[in-house]
Amino acid sequence: MYNGPIAKVKCYNVSMQPGFLFGAGTSAHQVEGNNVHNDWWAWERSRNDIDHSGLAADHYRRYREDLQLAKELGHNAHRISLEWSRIEPDPGKFELKAIAHYRDVLLEMKRLGMTSFVTLHHFTNPLWLAERGGWEKRSTVEHFGRYVTAVAHHLGDLVDFWVTINEPMVYATEAYVHRRWPPQKKSWVAMWRVMRHMAAAHRRAYRIIHMIIPQARVGIAKHTIAFLPAKRQLDDTVIAQAQDTWFNHYFLSLTRSAHDFLGVNFYFTSQKTVNIFPPKIENMQWDGPQSDIGWPVRPEGLKHVLLHARRYGVPIYVTENGLADARDALRADFIRGHLRAIEDAQAEGADVRGYLHWSLLDNFEWDMGFGPRFGLVEVDYETQERRPRASAYVYKSIIERAQASVGGNGSYQ
Ligand code: BGC
């Protein structure tokens with residue numbers, strides 16, 4: 001837990017510690033385009049009722065322009081993911097051109113003075129791996145280890161923060177219980193196996209990366225929901241605590257000693273109440289602001305989860321937080337509100353050191369396709385033109401004021 005002094009710096013009524021990281025994130029399949037060797041690509045092709053990722057935001061070719069834009073928008077940190085299926089399109093055959101591409105991306109981030117967060121698995125799998133049973137199979141842990149070894153050798157000198165796996169619980173439930181994502185199974189047993197294998201894969205990756213780069217900082221990006229009791233009554237509290245233990249903390253308990261930092265992805269606050277007659281558990285109605293896809297905007301939930309994350313005793317980075325807001329009506333207040341929530345959590349001892357908005361660019365929102373617009377920067381998918389939204393400039397002034405007040409460039413290192 002952070003026990004040192006917290007220097008307060010005012011900016012748009014938001015205060016941050018000196019050296020705080022501000023930036024945004026993307027993931028390979030959502031922005032790169034043409035990820036033809038992964039299971040999502042194959043699944044999209046098998047259906048005609050969903051968008052196909054196709055060229056996405058063409059970020060694989062336009063990364064220089066996009067990183068430059070992020071820099072111009074004041075970001076001093078940036079999160080990307082590596083596409084495993086580009087790096088290892090066939091089992092054990094590593095594609096040096098793809099590795100060289102990611103070296104160029106990371107070198108560009110260094111040149112621009114941006115701290116890098118690199119995710120190794122963000123929902124997609126090489127097709128060959130999926131065809132062999134994917135994360136249900138124990139052998140996937142070894143395959144992941146082989147891929148991580150290659151990446152750490154080739155790119156390790158350029159990575160500041162390693163995020164081994166993005167949102168393991170979300171992946172396991174969406175793909176193996178809710179049937180929304182490939183392989184669209186409905187089996188709690190399969191889900192359980194996937195989760196245990198992902199935990200083993202994280203632990204293995206943690207060891208491998210540290211063996212190759214002893215000073216590396218390795219963590220995961222954990223989707224964390226604020227489960228609040230709807231009413232001050234025992235049954236609501238019990239439900240909230242049970243959900244919190246299972247969804248937010250179980251995976252972390254399996255990987256406990258293998259985190260140098262904790263990445264928190266925050267989108268939701270959930271309030272459920274128990275109804276006795278007729279017996280059922282209901283979601284509380286939310287009458288406040290909502291994103292274009294109906295997600296409630298509730299920054300106080302972020303403070304709640306950050307305070308709960310203090311128990312792990314490692315620095316915390318908000319590795320994702322954002323909303324679908326095509327008209328950009330809510331995003332600026334959304335960012336201010338969530339940064340204030342971080343500030344409040346810091347004041348109560350949460351060692352939060354960075355905020356990465358989701359997302360830098362509009363992108364392919366998985367089974368929801370190109371409809372939801374999460375970007376600080378609007379993408380015209382016809383022309384691939386980029387247009388920063390007004391909120392991107394509000395975020396920029398927050399960052400600039402924070403950095404001017406501490407007299408530094410805000411870099412963590
Ligand atoms: C995922 C992102 C996704 C975002 C918004 C997160 O759970 O990591 O890939 O775009 O949520 O749905």
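When reading the values below, keep in mind they use all heavy atoms of this one structure, side chains included, and skip hydrogens, waters and symmetry mates. Each ligand, and each atom within it, is numbered from 1 in the order the structure gives.
- In this structure, R193 has no side-chain hydrogen bond (donor to acceptor under 3.5 Å, both in side chains) partners at least two apart in sequence or on a different chain.
- Considering both main-chain and side-chain atoms, N363 never comes within under 3.5 Å of ligand 1 through any nitrogen or oxygen pair.
- Considering backbone and side-chain N/O of N166, one or more are found under 3.5 Å from N/O of ligand 1.
- Of all the listed residues (H223, E365, E174), E365 holds the heavy atom that lies closest to atom 12 (O) of ligand 1.
- Atom numbering of ligand 1 starts at 1 in the shown order; those under 4.0 Å from a heavy atom of H122 are 1 (C), 2 (C), 8 (O), 9 (O).
- Among protein heavy atoms, the minimum distance from atom 2 (C) of ligand 1 is reached at E320 OE1, 3.6 Å.
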Test side-chain hydrogen bond (donor to acceptor under 3.5 Å, both in side chains) on Q215 and R217 and set out the steps. CA-CA 7 Å; Q215 74 284 8; R217 283 167 287 191; over 6 Å; no
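- Using a 4.0 angstrom heavy-atom cutoff, W295 counts as in contact with ligand 1.
- Both the sub-6.0 Å distance and the 45° axial angle are satisfied by K222 relative to the ring of F247.
- Distance from atom 4 (C) of ligand 1 to its nearest protein heavy atom, with residue and atom name: Y267 OH, 3.4 Å.
- Under a 4.0 Å criterion applied to the non-hydrogen atoms of Q30, ligand 1 contributes the atoms 2 (C), 3 (C), 9 (O), 10 (O).
- Contact between A57 and D362 at its shortest, heavy atoms only, is CB-O, 4.1 Å.
- Below 3.5 Å of separation, one finds an N or O of E167 facing an N or O of ligand 1.
- The side-chain hydrogen bond (donor to acceptor under 3.5 Å, both in side chains) test applied to R331 returns D328, not counting sequence neighbours.
- Aromatic pair W366/W40: ring centres closer than 6.0 Å.
- Polar contact with ligand 1: present for W358 (N/O pair, distance under 3.5 Å).
- Interface atoms of ligand 1 facing F123, defined by a heavy-atom separation under 4.0 Å, are 1 (C), 8 (O), 9 (O).
- In this structure, F261 has its ring center under 6.0 Å from that of Y317.
- Note that R86 lies in the cation-pi zone of Y60, set by a 6.0 Å cut-off to the ring centre and a 45° limit from the axis.
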